[in-house]
Amino acid sequence: SDLETLKFACFLHDIGKIRVPGRLLNKRGPLSAEEHEIVRLHPVYGERIVAPIQHFRAVAELIRHHHERNDGTGYPDGLRGAELSLLAKILIAADAMDAMTSDRPYRTAWPMVVAIEELKRCANIDFDRRVLPYAAQPVDHFDREVVLAMVADLVERPVAPVGPRPPPEPP
């Protein structure tokens, strides 16, 4: 089912970070341009890890697209609007909500009310307004409680440093 696919994608969306050096994932300051490019490969790595599992092919696609943006400025493919599936749009919003409301090495978690306001502010730019919890306009074909459930299911744990790695493969 779509809900099962989305749930697995929420749990596995950052699995590609196992290919990213822990020193970058746990860095307290801003990333350099080169470091940022390495981190931005994690959706592609995640897709490659999960795609060979036949039952998870749809999950792999969602993993690849979890950093895309409604306006096309995301990565790795620069998809926009209708090019993104509804499930990808839900995962994008849920991942953003989780990122804003979780402590990070470089900042403390935002209060939920601030994160919700940020989602609203970025509606239809970064996120499709139809999938946001607490969006200003109601939607009759999607239940906002599903987004809230997916946010609750997102799991992110920093990866411990494992030593030097070879340069990343091109996507």
Side-chain angles (χ1 to χ4, degrees), residues 5-53 56-110 114-115 118-119 121-128 131-132 147 150-151 153-171:
T5 297
L6 187 57
K7 184 174 181 176
F8 279 116
C10 284
F11 280 123
L12 296 171
H13 72 283
D14 276 340
I15 194 169
K17 286 184 177 180
I18 65 173
R19 296 270 324 263
V20 177
R23 66 180 169 75
L24 300 182
L25 298 177
N26 297 314
K27 189 173 179 179
R28 294 199 176 271
L31 297 174
S32 70
E34 180 182 280
E35 291 169 332
H36 191 64
E37 287 304 311
I38 292 169
V39 172
R40 286 171 53 117
L41 290 173
H42 83 271
V44 177
Y45 293 148
E47 176 193 36
R48 288 180 183 171
I49 291 167
V50 174
I53 304 167
F56 278 9
R57 294 240 168 93
V59 172
E61 182 179 328
L62 294 178
I63 289 170
R64 181 181 182 96
H65 297 149
H66 79 274
H67 281 290
E68 299 290 352
R69 295 292 174 251
N70 201 51
D71 67 356
T73 61
Y75 61 90
D77 301 316
L79 300 181
R80 66 181 325 125
E83 295 172 319
L84 293 162
S85 71
L86 180 60
L87 294 181
K89 291 175 181 184
I90 295 167
L91 180 58
I92 291 164
D95 183 41
M97 178 67 98
D98 178 64
M100 290 184 279
T101 59
S102 299
D103 285 329
R104 299 298 168 119
Y106 51 89
R107 66 152 175 77
T108 58
W110 295 5
V114 174
E118 182 67 7
L119 286 179
R121 187 183 71 75
C122 297
N124 293 333
I125 299 168
D126 291 343
F127 313 109
D128 185 326
V131 301
L132 298 181
V147 174
M150 293 302 103
V151 170
D153 279 341
L154 281 170
V155 176
E156 258 188 322
R157 294 184 177 97
V159 177
V162 292
R165 294 214 176 267
E169 303 170 53

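These numbers come from the heavy atoms of this one structure, side chains and all, not from hydrogens, waters or symmetry mates. We're numbering straight along the sequence, starting at 1.
Heavy-atom contacts from other residues, nucleotides or ligands closer than 6.0 Å to CZ of Arg107 number more than 12.
Among all heavy-atom pairs drawn from Gly46 and Ile15, the shortest one is CA-CG2, 3.7 Å. The minimum heavy-atom distance linking Gly16 with Ile49 is given by the pair CA-CD1, 4.2 Å. The minimum heavy-atom distance linking Leu12 with Ile63 is given by the pair O-CD1, 3.6 Å. For Ala58 against Thr5, the heavy-atom pair with the smallest separation is CB-CG2, 3.8 Å. Taking both residues in full, the closest heavy atoms of Gly78 and Glu83 are given as O-OE1, 4.3 Å, listed atom of the first, atom of the second, then distance. Taking all atoms of both residues into account, the shortest heavy-atom contact from Asn26 to Pro105 is O-CB, 3.4 Å.
Put simply, the side chain of Lys89 gets close to the backbone of Gly81: a donor and an acceptor are under 3.5 Å apart. Checked by atom type and distance alone, the side chain of Asp95 never pairs as donor or acceptor with a backbone atom of Leu91 at under 3.5 Å. With Arg80 contributing its side chain and Asp71 its backbone, the two residues share a donor-acceptor pair below 3.5 Å. Asp103 places a side-chain N or O within donor-acceptor distance of the main-chain N or O of Ala109, the cut-off being under 3.5 Å.
Side-chain contact between Glu118 and Phe127 is absent, with no heavy atoms from C-beta onward closer than 4.5 Å. Inter-residue side-chain proximity for Val114 and Met100 is flagged as unmet; no heavy-atom pair is nearer than 4.5 Å. Here the side chains of Asn70 and Cys122 are not in contact, with every heavy-atom distance at 4.5 Å or above.
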>> Pair Leu41, Val20 - check side chain to side chain contact (heavy atoms under 4.5 Å, CB included), show working.
In response: CA-CA 8 Å; Leu41 290 173; Val20 177; over 6 Å; no

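In this structure, the separation between CE on Met97 and CG on Leu119 is 4.5 Å, given to the nearest 0.5 Å. From Leu31, atom CG reaches atom CG of Leu25 across 8.5 Å, with rounding to the nearest 0.5 Å. Between the CZ atom in Arg19 and the NE2 atom in His42 there is a gap of 13.0 Å [rounded to 0.5 Å]. We find the CZ-OH distance between Arg64 and Tyr75 to be 12.5 Å, quoted to the nearest 0.5 Å. Distance check, rounded to the nearest 0.5 Å: CG of Leu79 to CD of Glu68 gives 4.0 Å. Here the straight-line distance linking atom CG of Leu87 with atom CD1 of Ile92 works out to 11.0 Å at 0.5 Å rounding.
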